[in-house]
2 protein chains.
Amino acid sequence: MALTREQVVDTAVAILRDFGLADLSMRRLARELDVQVGALYWHVKNKQELLVDVAARLLGGIPASGAGPAAGRPAPREEGGTTPERAAVVHLALRIRAALVPVPDSAEVVQLAQTLQPAALEPLTRLRELLEAAGVPPRHSGWAQHLLLNHILGSVAAHQDRATLDAVDAIGGPELGEDAFRWGLDAALDGMLAPSR
Amino acid sequence: MALTREQVVDTAVAILRDFGLADLSMRRLARELDVQVGALYWHVKNKQELLVDVAARLLGGIPASGAGPAAGRPAPREEGGTTPERAAVVHLALRIRAALVPVPDSAEVVQLAQTLQPAALEPLTRLRELLEAAGVPPRHSGWAQHLLLNHILGSVAAHQDRATLDAVDAIGGPELGEDAFRWGLDAALDGMLAPSR
DNA sequence: ACCTGAACACCGTTCAAGT
DNA sequence: ACCTGAACACCGTTCAAGT
């Protein structure tokens, strides 16, 4: 039976997950699927388009989660210094990070997809909506979204590079695990949600 | 006369600046220098090492600037809500961004260099020192440095991708210029320098 | 509609051999 | 010490031709 685009994307994700981006070539992909390279180009325009699909699949498993749309009215401050809307942002950010951390070079792939087709990555647009619900004014929510996304992707990349470098050479630098991520996330949110802004 | 490592790095920077990372191949570099490819490998271990040197040169032009070492004692709060130490951080971040923005794909190159040889990029270690001087506790300054660096590199990359995509296709998304950068920088610093942290 | 075979124009890296 | 020539093992993309 005929090859499908889904098979192509599935296999691409599998190669990325198991061997990293350097091994995710069109030729390797074709070999894995037992077809000639040219066959792939009937299902996919080019490699970039394929990587956008890969990124979408990586983030596709993230559920909509609770914390529904309470946009419009300003977020109420709670006694603990946080709000449910802010907690929803934190929760989504952690989910995105958790989805990417186990997949090598996923940060690079997501960044490419984000610049090529921002609308294709639903969880990232949701992040922006949640930021607005948490109190970031709409004229700044795009900036806020980018700040958080850079933090997430930077954290994922550093974490993975750390892991591979440790296995090879063992050089310096701070740990940059989930603790560092939460610290930066909280700091950024504190700043972005400050009453002055 | 003989080729030098400086010539190799200089020419690599020139290619990056004029044509981008996709055109910066060892073969193209050799052609530009009128030598065979193999000759490059006498002066440079491999392409990654070369790119570390390229990144160092891109950031090398940034002067030490004022705001000397006032580390140790806590930063005094001023009436304007800012301190000279904080201003020094902002100033350096803007200098780094300004140095990278005109060079295509420079964010990618710097990120690679930063993970490969963090100590090779002096302005980035200085950024960490300035953050400590501004009040970030040493156990968090590595995290803070990474948060700011991700913001800088993300801003540079988005700005450049924007420019190239606009020339081709014209798709959506926020502007993400220097205004966005300063907004995120101020927000992040507000959070990181908050008394609670 | 879907795929093969083969080509085009590239890569990074190595290394014997030359000067 | 410094470089050439040539090879090895790859790339992404295109496209006539087959079924």
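Source: prediction; values computed, not measured.
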> Taking only residues two or more places apart in sequence or in another chain, which ones pass salt bridge (Lys or Arg N to Asp or Glu O under 4.0 Å) with A:D179?
Replying inline: none
> Considering every strand shown, what is the Watson-Crick or G-U wobble mate of C:dC10 when both distances are under 3.5 Å?
Replying inline: none
>> When you compare the side chain of B:D186 with that of B:R86, does any pair of heavy atoms fall below 4.5 Å?
In response: yes
> Taking the side chain from A:Q160 and the backbone from A:D105, do they hold a donor-acceptor pair closer than 3.5 Å?
Replying inline: yes
> Hey, which of these two, A:K45 or B:G38, hits DNA chain D nearer its 5' end, going by closest nucleotide?
Replying inline: B:G38
> Counting N and O atoms only, with roles assigned by atom type, does the side chain of B:Q145 sit under 3.5 Å from a partner on the main chain of B:L127, one being a donor and the other an acceptor?
Replying inline: no
>> Tell me whether B:R97 contacts the main-chain N or O of B:I152 through its side chain, where contact means a donor paired with an acceptor under 3.5 Å.
In response: no
>> Between D:dC10 and C:dA9, how many Å separate the two C1' atoms, rounded to a whole number?
In response: 14 Å
>> Return whichever of A:Y41 or B:A39 has its heavy-atom-nearest nucleotide of DNA chain D closer to the 5' end.
In response: B:A39
> Which of parallel (below 30°), tilted (30 to 60°) and perpendicular (above 60°) describes A:F181 and A:H151?
Replying inline: parallel
> Mind checking which nucleotides bracket the chain A contacts on DNA chain C, 5' to 3', with an atom under 4.0 Å from a heavy atom?
Replying inline: C:dA1 to C:dA7
> With both distances under 3.5 angstrom, what nucleotide forms a Watson-Crick or G-U wobble pair with C:dC15?
Replying inline: D:dG5
